[in-house]
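These numbers come from the heavy atoms of this one structure, side chains and all, not from hydrogens, waters or symmetry mates.
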Amino acid sequence: MQTDASTIELLGSIDRKLSAVVALVAYRVMEAGDLPNPSYPSLDFLLSESGLSNSEIGQALGKTSAAARMQVSRDRKRAQS
């Protein structure tokens with residue numbers, strides 16, 4: 001069975017979108033929990049980790065890609081410290 005480039009690209013796109021859905025569900029579960037002073041990452045960061053670009057994150061969350069990039073950057077710095 002041969003796999004052409006368009007099929008690989010399609011599968012990659014499906015993988016990123018499914019990862020984003022899982023990130024959304026996980027975020028809602030964390031948000032609904034009874035966590036004192038929750039320190040979980042932003043939804044922007046979770047979507048970024050699932051493979052979405054800043055442009056896709058901005059589009060999904062109703063913000064600019066620059067705003068998404070800044071939030072992801074802040075979360076990355078916080079995670080490293």
**Asked** Which residue pairs satisfy the side-chain hydrogen bond (donor to acceptor under 3.5 Å, both in side chains) criterion with at least one member in residues 15-27, sequence neighbours excluded?
**Response**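 Found Ser13-Lys17.
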
**Message:** Using side-chain heavy atoms (C-beta onward) and a distance below 4.5 Å, is Val25 in contact with Val22?
**Reply:** no

**Request:** Side-chain contact test, heavy atoms from C-beta onward, threshold under 4.5 Å: evaluate it for Glu49 versus Arg76 and give yes or no.
**Result:** yes

**Prompt:** Salt bridge between Lys63 and Asp44, side-chain N to carboxylate O under 4.0 Å?
**Reply:**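 Yes, this pair counts.
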
**Request:** Measure across Ala68 and Gly58 and return the closest heavy-atom pair with its distance rounded to 0.1 Å.
**Result:**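 Looking at all heavy atoms of both residues, the closest pair is CB-N, 4.1 Å.
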
**Request:** Check Leu46, Leu52, Leu43 against Ile57 for a side chain to side chain contact (heavy atoms under 4.5 Å, CB included) and give me the one that passes.
**Result:** Leu52

**Request:** Would you give the length of the straight line joining atom OG of Ser48 to atom CD of Glu56, rounded to the nearest 0.5 angstrom?
**Result:**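 These two atoms lie 10.5 Å from each other.
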
**Request:** Begin from the C-alpha positions of Leu47 and Leu61 and carry the test side-chain contact (heavy atoms from CB on, under 4.5 Å) through to its verdict.
**Result:** CA-CA 10 Å; Leu47 292 173; Leu61 301 179; 4.2 Å; yes

**Message:** Test: ring pair (Phe, Tyr, Trp, His ring centres under 6.0 Å). Region: residues 42-81. Which pairs qualify, not counting sequence neighbours?
**Reply:**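 Pairs touching residues 42-81 that pass the test: none.
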
**Message:** Tell me every residue that passes side chain to side chain contact (heavy atoms under 4.5 Å, CB included) with Leu18, counting only those two or more places apart in sequence or in another chain.
**Reply:**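 Leu18 satisfies side chain to side chain contact (heavy atoms under 4.5 Å, CB included) with Ile14 only.
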
